[in-house]
Amino acid sequence: MKTLNKNKVLWILADIIIMGLLIGLDQTTKYFAVLNLKDKPAIKIIDRVFELHYLENRGAAFGMLQNQKLMFVVIACIMMVVVCYVLLKIPEERKYAVLKICMLLVGAGAIGNLIDRLANGFVVDFFYFVLIDFPIFNVADIYVTISCILLIITILFFYREEDLKFLKLWNSSDSQ
């Protein structure tokens, strides 16, 4: 069994600290949303464009899958296993920095919304683009959205197949 070297342990600790800070930012903004927006009229930031509007979301994006808490908890746990696997496997090379950032953002977003679901039974959302009637969202949703966009761009235009070979769960020779 391969042991982790000291450098890898330091990177993992840095990842945990960064993810903790991102989760902290998400939870802090949600706390202030509850404190300042719950049971109050929306706060208009840019009239007819953007406002802070409190919403208790018991579903997924666009109001889909309402009251499916167990399913969302399971999905978040699966996402965290994948994130941890990738963070442990990712090479310590600069070209993988974007992939590492994506994993940290996905992990922080999943945990941020998971905390809400477990503590409240719903996710606190509060950013609302009135102009395009976009679904109300939160900081954790921003993390996941940014990471998905970055992943798509980097996988399509930056990484080659051989750059991602470290993600394989088995060798192709194992299946023969």
Side-chain angles (χ1 to χ4, degrees), residues 12-88 90 97-158:
I12 291 168
L13 287 174
D15 292 345
I16 291 168
I17 291 168
I18 291 167
M19 199 177 297
L21 291 170
L22 291 169
I23 294 165
L25 176 62
D26 172 65
Q27 291 297 299
T28 301
T29 60
K30 290 173 179 173
Y31 169 79
F32 282 113
V34 171
L35 198 64
N36 296 299
L37 299 171
K38 185 174 182 176
D39 300 323
K40 296 176 184 161
I43 298 173
K44 294 176 184 183
I45 305 298
I46 302 172
D47 193 35
R48 292 180 286 192
V49 176
F50 179 72
E51 64 187 33
L52 301 177
H53 181 96
Y54 182 82
L55 175 72
E56 295 176 356
N57 185 354
R58 289 171 170 75
F62 307 102
M64 296 183 301
L65 304 169
Q66 290 291 310
N67 300 310
Q68 299 294 316
K69 179 179 168 182
L70 178 62
M71 182 184 70
F72 290 120
V73 169
V74 169
I75 289 170
C77 290
I78 291 168
M79 285 177 64
M80 286 314 303
V81 168
V82 171
V83 165
C84 289
Y85 175 81
V86 173
L87 286 173
L88 286 171
I90 197 165
V98 173
L99 184 58
K100 182 179 276 280
I101 290 166
C102 289
M103 292 299 103
L104 293 172
L105 288 170
V106 166
I111 292 172
N113 282 342
L114 179 63
I115 290 169
D116 280 15
R117 287 188 200 287
L118 294 175
N120 308 318
F122 56 84
V123 173
V124 173
D125 287 336
F126 53 92
F127 292 130
Y128 180 44
F129 281 101
V130 180
L131 180 67
I132 57 174
D133 194 26
F134 194 79
I136 302 171
F137 58 98
N138 61 45
V139 173
D141 298 335
I142 294 169
Y143 295 160
V144 173
T145 302
I146 289 172
S147 64
C148 287
I149 291 168
L150 283 174
L151 272 174
I152 290 168
I153 291 168
T154 56
I155 288 173
L156 288 177
F157 302 109
F158 182 70

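Because only heavy atoms are used, hydrogens play no part in the values below, and waters and symmetry mates are left out as well, while side chains stay in. Numbers here simply count residues along the sequence, with the first being 1.
One distance of note links CG of Leu118 with CG of Asn113; it measures 11.0 Å at 0.5 Å rounding. The OG1 atom of Thr29 sits 8.0 Å away from the CD1 atom of Ile142 when rounded to the nearest 0.5 Å. To the nearest 0.5 Å, atoms CD1 (Ile23) and CG (Leu104) are separated by 10.0 Å. The structure places SG of Cys102 at 10.0 Å from CD1 of Ile152, a figure rounded to the nearest 0.5 Å. Here the CG atom belonging to Leu87 is positioned 8.5 Å from the CD1 atom belonging to Ile12, to the nearest 0.5 angstrom. Taken to the nearest 0.5 Å, the OG1 atom of Thr154 stands 10.5 Å off from the CD1 atom of Ile101.
Side-chain N or O atoms of Glu51 include none that pairs as donor or acceptor with a backbone N or O of Val130 at under 3.5 Å. Counting only distance, with no hydrogens or angles, the side chain of Asp141 and the backbone of Phe137 share no donor-acceptor pair below 3.5 Å. Side-chain atoms of Asn57 never come within 3.5 Å of backbone atoms of Asp125 as a donor-acceptor pair (strictly under, hydrogens ignored).
Across all non-hydrogen atoms, the minimal contact from Asp26 to Gly112 is OD2-CA, 3.3 Å. The two residues Met79 and Ala110 have their closest heavy-atom pair at CE-CB, 4.1 Å. Considering all non-hydrogen atoms of both residues, Ser147 and Leu105 come closest at CB-CB, 3.8 Å. Taking every heavy atom of both residues into account, Gly109 and Tyr143 meet most closely at N-CD1, 3.8 Å. Taking all atoms of both residues into account, the shortest heavy-atom contact from Phe72 to Arg58 is CE1-O, 4.2 Å.
No side-chain heavy atom of Arg48 sits under 4.5 Å from any side-chain heavy atom of Leu131. For the pair Val106 and Met19, the minimum side-chain heavy-atom distance is 4.5 Å or more. At a threshold of 4.5 Å between non-hydrogen side-chain atoms, the residues Phe127 and Val139 count as touching. Within the 4.5 Å cutoff, the side chain of Val34 has no heavy atoms near those of the Tyr31 side chain. Under the 4.5 Å side-chain criterion, counting only non-hydrogen atoms from C-beta, Leu55 is not in contact with Phe126. Residues Leu151 and Met103 have side chains in contact (heavy-atom distance under 4.5 Å, counting atoms from C-beta outward). The shortest distance between side-chain heavy atoms of Val98 and Phe158 does not fall below 4.5 Å. Contact check for Ile43 versus Ile45: side-chain heavy atoms found under the 4.5 Å cut-off.
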Kindly indicate, with the supporting measurements, whether the criterion side chain to side chain contact (heavy atoms under 4.5 Å, CB included) is fulfilled by Phe50 and Lys44.
CA-CA 6 Å; Phe50 179 72; Lys44 294 176 184 183; over 6 Å; no

Please evaluate residues Leu52 and Tyr128 with respect to the criterion side chain to side chain contact (heavy atoms under 4.5 Å, CB included), reporting the C-alpha separation (whole Å), side-chain torsions for both, the decisive distance (0.1 Å), and the verdict.
CA-CA 6 Å; Leu52 301 177; Tyr128 180 44; over 6 Å; no

Going through the checks in order, is the side chain to side chain contact (heavy atoms under 4.5 Å, CB included) test met by Ile111 and Met80?
CA-CA 8 Å; Ile111 292 172; Met80 286 314 303; 3.6 Å; yes

Test log, rule side chain to side chain contact (heavy atoms under 4.5 Å, CB included), inputs Ile90 and Leu99
CA-CA 8 Å; Ile90 197 165; Leu99 184 58; 3.8 Å; yes

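Between the side chains of Asp116 and Asn138, not a single donor N or O lies within less than 3.5 Å of an accepting N or O. Between the side chains of Asn120 and Lys30, no donor-acceptor pair is found at a separation under 3.5 Å.
For NZ of Lys40, the number of neighbouring non-hydrogen atoms (other residues, nucleotides, ligands) closer than 6.0 Å is greater than 12.
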